[in-house]
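Order of the sequence lines fixes the chain letters, A, B, ..., with proteins taken first and strands second; residue numbering starts at 1 for each chain. All values below come from the heavy atoms of this structure, side chains included, with hydrogens, waters and symmetry mates left out.
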Amino acid sequence: MLPIFEPVPESSRGESFYDAVYRTVRRIPHGRVTTYGHVAALSGKPRAARTVGWALHALPDGTDVPWHRVINARGGISIAKVGLPPGLQRALLEDEGVRFRLDGTVDLKRYGWTGPG
DNA sequence: ATAATGACTGGGG
DNA sequence: ACCCCAGCCATTA
């Protein structure tokens with residue numbers, strides 16, 4: 001018989017880079033945003049921006065990780081190809097007070113979070 | 001172990 | 001300024 005609870009995926013021994021990414025993203029303050037590359041750097045892998053996107057892609061619905069506060073280096077939204085509802089990320093950010101430019105980008109100088117300190 | 005996969009990025013044209 | 005592309009790298013779709 002199958003157990004009622006699925007064990008933790010075999011891939012997650014000790015702590016993966018994904019876990020480090022989630023911890024970093026949880027530190028982004030309400031109403032602020034940061035880039036994939038910056039999350040990667042704060043998580044210990046400055047060149048793993050793409051992997052950060054993959055880590056967020058793996059999050060389940062209803063997660064408490066504020067994935068919507070992560071945008072690309074140009075201030076734009078990058079979830080188009082993932083199947084998430086179009087406009088969802090922008091709506092979540094606007095609910096936190098983040099304003100978008102006419103071209104759909106965010107002013108990183110104003111809303112960008114660059115880490116503690 | 002190798003290959004494939006991308007929610008990315010910076011630099012060049 | 002905008003578009004394109006080669007390089008990037010942890011995880012396994």
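A search for salt bridge (charged side-chain N to carboxylate O under 4.0 Å, His left out) contacts involving A:Asp107 returns A:Arg101, not counting sequence neighbours.
Residue A:Pro66 comes nearest to A:Arg26 through the heavy atom pair CD-CA, 3.9 Å, listed as atom of the first residue, atom of the second, then distance. The heavy-atom pair separating A:Trp67 from A:Leu92 by the smallest distance is CZ2-CD1, 3.8 Å. Contact detail for A:Asn72 and A:Ser78: the closest heavy-atom pair is ND2-OG, 3.0 Å.
In this structure, A:His57 and A:Thr51 both approach DNA chain C, and ranking their closest nucleotides by distance from the 5' end singles out A:Thr51.
The distance from atom CZ of A:Arg101 to atom C1' of C:dA1 is 13 Å, rounded to the nearest whole Å. One atom, OH of A:Tyr22, and another, P of B:dA7, lie 14 Å apart when rounded to the nearest Å. Summarising the geometry, the separation between CG on A:Leu108 and C1' on B:dC8 is reported as 14 Å, rounded to the nearest angstrom.
Sparse packing is recorded around CZ of A:Arg47, with 12 or fewer heavy atoms of other residues, nucleotides or ligands lying under 6.0 Å away.
Between A:Arg69 and A:Thr34 the shortest side-chain heavy-atom distance does not fall below 4.5 Å. Looking at A:Ile71 and A:Ile77, their side chains come closer than 4.5 Å, going by heavy atoms from C-beta outward.
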What are the atom names and distances for every N/O pair under 3.5 Å that joins the protein to nucleotides 9-13 of chain B?
residue, atom, partner, partner atom, Å
B:dT9, OP1, A:Gly37, N, 3.2
B:dT9, OP1, A:Ala73, N, 3.4
B:dT9, OP2, A:Ala73, N, 2.8
B:dG10, O6, A:Arg74, NH2, 2.8

Bracket notation of DNA chain C in which parentheses pair within the strand, [ ] cross earlier pairs, and | pairs with another strand (Watson-Crick or G-U, under 3.5 Å): .||||||.||||.
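Here B:dA7 is the nucleotide among B:dG6, C:dT11, B:dA7 with the atom lying nearest to any side-chain atom of A:Trp67. Of the candidate nucleotides B:dG6, C:dT11, C:dC9, C:dC9 has the atom lying nearest to any side-chain atom of A:Ala48. With distances taken from any side-chain atom of A:Arg50 to the nucleotides C:dT11, B:dA7, C:dC8, the minimum falls on C:dC8. In this structure, the nucleotide among B:dC8, B:dA7, C:dT11 sitting nearest to the side chain of A:Tyr18 is C:dT11.
Remark: side-chain polar atoms of A:Tyr22 are paired, donor with acceptor, to backbone N or O of A:Ala55 under 3.5 angstrom. With A:Glu96 contributing its side chain and A:Pro29 its backbone, the two residues share no donor-acceptor pair below 3.5 Å.
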